[in-house]
Amino acid sequence: MSTKVIMDVDTGSDDAVAIMCALLSPDIDLVACCSVWGNLPVENTTENTLRVLQALGSDLPVYKGCGDAMVKNLCKNRVPQYDPGVFYDENGKQLKGHYDYLDLPAAKRGPEAMDAPSFYVDYLNHATEPVTLVPVGPLTNLGFALTMDPGIVKNIKEIVIMGGGENLANISNCAEANIWHDPEAAHIVINCGAKVTLVPLDSTHAASTTPEDCEALDRVGTFASRYAATLSRERIAAQHAFTGGRVNSTAVHDALALCAVIDPSVLQDVRHVHCEIGFYDFNDGATIIDHRCIPDEPNCYFAYSADREKLAAMMREILGRGAKDIAGRD
Amino acid sequence: MVKKIIMDVDTGSDDSIAIMAAVRCPEIELVAVCAVGGARTVANTTENSLRVLDAMGAKGIPVYSGCNSNLVRNFARHRAPRRFTPPVIVNGREYRMHDDLLSLPPSVTAPMEQNAVSFYIEFFRSTKEPVTIVASGPLTNLACALSIAPDIAGRIERIVIMGGGDKATNSSLSAESNFWQDPEAAQIVLASGAKIVLVPLDCTHTAYITKDEIAHLRSIGTFEANYAAELTEQRMYVHNAQQPLEVPDCAPIHDAFVLCYVADESLITEMERVHVDVGFGGAGDGHSIIDRNTRNPLPPNCLFARRANREAFRDMLYRLFTY
């Protein structure tokens, strides 16, 4: 039986790979995508989400969500974003983890009229079976939806979040980007009462995609596998530059979170922990794990590692189910 | 001309009087009521709003239930908790500023299914008429709507807010209750770019109703006048004991005053165009801070009401509740 899923995305290169996996996996029944700010402004993430769906011939609804954090940016006393610097490839093209628009045909349709938080409240209040939520961007949409109506939890089967990191960080000295962008929203979602699994940097980096994985994806020969290879190569180039040449692979974070819904065993060393979100000073956006001898009640599952080979094999198998060529081209 | 309004309320004693005034006021068309939680649960403020409308026999005014609690204040451990205030005992009876549930029969009308926040977004994206929001509770519903859909800010005719205080406060040394309960929401609404009239305690405290005037209200004899008298008397007992005003034996009816101002703008006699930001945390949590910087002042974001014509307000209540 396939799992009903709603994705919340800031598409985004790795979001695009995750969306393609969700659309093509027979184990996932994707209901809708909600867009949110994060990697890019919400106008871009909405358009990019529509582009990915169109390229795979999907007319799934896209609900446009929030364009800024719930409260973080109301005042100026929060820790600023770490600046990785500006790098260019040999052709003078700037290296980025996420380009403004995915290199796919412009979407021929727009998002739905309803906003994303209203969609969550409306859909979950009327759902006849619990739904799995896979947010892989800042948690703003769900933060608002749960503020509007905490009762929607009754129809959430599970929330699998790409976000956080205990021994790894990527946007400040201690924070991962999705949690850092909207720490208060993350706090609301982690403590909402639903089963929450965090897929943090600790696990996504353990399952990094290498140039060899990209070649293997190319050989699979579908549009989706080749496009995933293209996006991953762009990410590897950026990561290589940002790390001063130390790293020649990329964590395709969001794809791991989505694949964990299909096969939870792709995550390894998953611990039931109590996690608090930092809001101030140097711990802003940090996922702080309670390591005391007697910790507070666990509120989430935290994946400390992942099976790299399994993720690579899953991506080849799932993306191989797609069409040979891009859809929606006139 | 009849003014169309949506009320955002945490009903509440003074909200009840405001709803009754809105329904009775020929210059106002009440399009909808949105309930918000805070000091009372949103289940109770929704039920209370319905009780008032049902008791008046007011039909066809939809009530939408919204957020139960503030955006983020409750989970930040450095924010001051609400101070417990014991009830005031007069003639052996207990009085609070607001009862959790109003002493009216349970409602027979159901609230709307749609969430108040979703209603605001859908309504203001599609309405072609100017509609004013009269907000007299914590600003959580409006903050959610304006954050999720910033495009509606310019489509709201204006937002008239009972909230804040410059030289008058009631929930902490620096803050008024509606702002104090959800400071971030207040800041979001003030910074939204919407046209805002802020009616703070500085103004509503000058629009008090006296003991003699409560007696006059009671002599009118209609349900609305009687119930308004009962609620104002309850408020007077609490003010006398816990929030003494300059004049003894009186009570302001903040939310009703703001509603009446929308129908008759001459009720506010002094306004200031200022920039207001809201303090977060510590002693300044929920403080409505007026920009007094002489060197580099920020552009005004609201009209700040200073003084009320209390006699005109009182006479308006008499008139609205006489029929």
Side-chain angles (χ1 to χ4, degrees), chain A residues 34-37 41-43 63-78 111-126 140-152 182-192 276-281 299, chain B residues 34 36-37 41-43 64-79 112-126 138 140-152 182-192 277-282 284 289:
Chain A
C34 293
S35 63
V36 70
W37 75 299
V42 70
E43 284 69 28
Y63 296 89
K64 186 180 168 189
C66 299
D68 202 349
M70 288 185 76
V71 302
K72 185 183 186 185
N73 300 318
L74 292 178
C75 51
K76 296 164 186 163
N77 60 356
R78 308 292 283 262
E112 305 298 306
M114 193 187 278
D115 59 275
S118 294
F119 165 69
Y120 280 122
V121 171
D122 186 60
Y123 183 87
L124 293 170
N125 271 321
H126 292 99
T140 318
N141 288 338
L142 275 173
F144 275 119
L146 288 161
T147 301
M148 287 161 66
D149 189 350
I152 59 176
D182 199 341
E184 281 81 359
H187 174 97
I188 291 171
V189 176
I190 288 178
N191 294 296
C192 73
E276 292 280 350
I277 308 294
F279 299 134
Y280 298 97
D281 212 336
N299 56 0
Chain B
C34 292
V36 67
T41 64
V42 74
Y64 295 86
S65 191
C67 301
N68 184 48
S69 181
N70 50 42
L71 293 177
V72 301
R73 188 186 196 284
N74 274 359
F75 60 70
R77 293 174 191 167
H78 69 291
R79 313 288 282 266
M112 303 299 283
E113 200 192 356
Q114 190 178 28
N115 187 279
V117 175
S118 302
F119 163 71
Y120 277 126
I121 296 170
E122 193 184 336
F123 182 87
F124 282 103
R125 277 181 173 169
S126 61
T140 321
N141 286 342
L142 279 171
C144 284
L146 288 162
S147 295
I148 295 165
D151 51 287
I152 65 171
D182 199 345
E184 280 83 359
Q187 175 67 13
I188 288 170
V189 173
L190 281 165
S192 69
D277 281 317
V278 183
F280 304 143
I289 306 160

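In the text below, chain A, chain B and the rest are named by the order of the sequence lines, each starting its count at 1.
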Quiz item: What part of E113(B) gets closer than 4.5 Å to chain A, counting heavy atoms only: side chain, backbone, both or neither?
Solution: side chain
Exercise. For residues P138(B) and D182(B), report the shortest heavy-atom separation together with the two atoms involved.
Key: CB-CB, 4.4 Å
Practice problem: May I ask you to test the D151(B)-R125(B) pair for a side-chain heavy-atom distance under 4.5 Å? | Solution: yes
Practice problem: Using non-hydrogen atoms and a 4.5 Å limit, figure out which bit of E122(B) sits close to chain A: side chain, backbone, both or neither. | Solution: neither
Exercise. Evaluate the ring planes of F124(B) and Y120(B), with Trp represented by its six-membered ring, and classify them as parallel (under 30°), tilted (30 to 60°) or perpendicular (over 60°).
Key: parallel
Quiz item: Do Q187(B) and C75(A) have side-chain heavy atoms sitting under 4.5 Å apart?
Solution: no
Quiz prompt | Those residues of residues 116-125 of chain A, ordered by number, that approach chain B below 4.5 Å (heavy atom to heavy atom) | solution = P117(A), S118(A), V121(A)
Self-check item: Proximal component of I121(B), with respect to chain A [non-hydrogen, under 4.5 Å]
Solution: side chain
Quiz item: Is the backbone of C67(B) close enough, under 3.5 Å, to the side chain of N141(B) for a donor and an acceptor to pair up by distance?
Solution: yes
Exercise. Evaluate the side-chain proximity of L71(B) to T147(A): yes if any heavy-atom separation is below 4.5 Å, no if none is.
Key: yes
Quiz item: Hey, does K72(A) have a side-chain heavy atom less than 4.5 Å from the side chain of F279(A)?
Solution: no
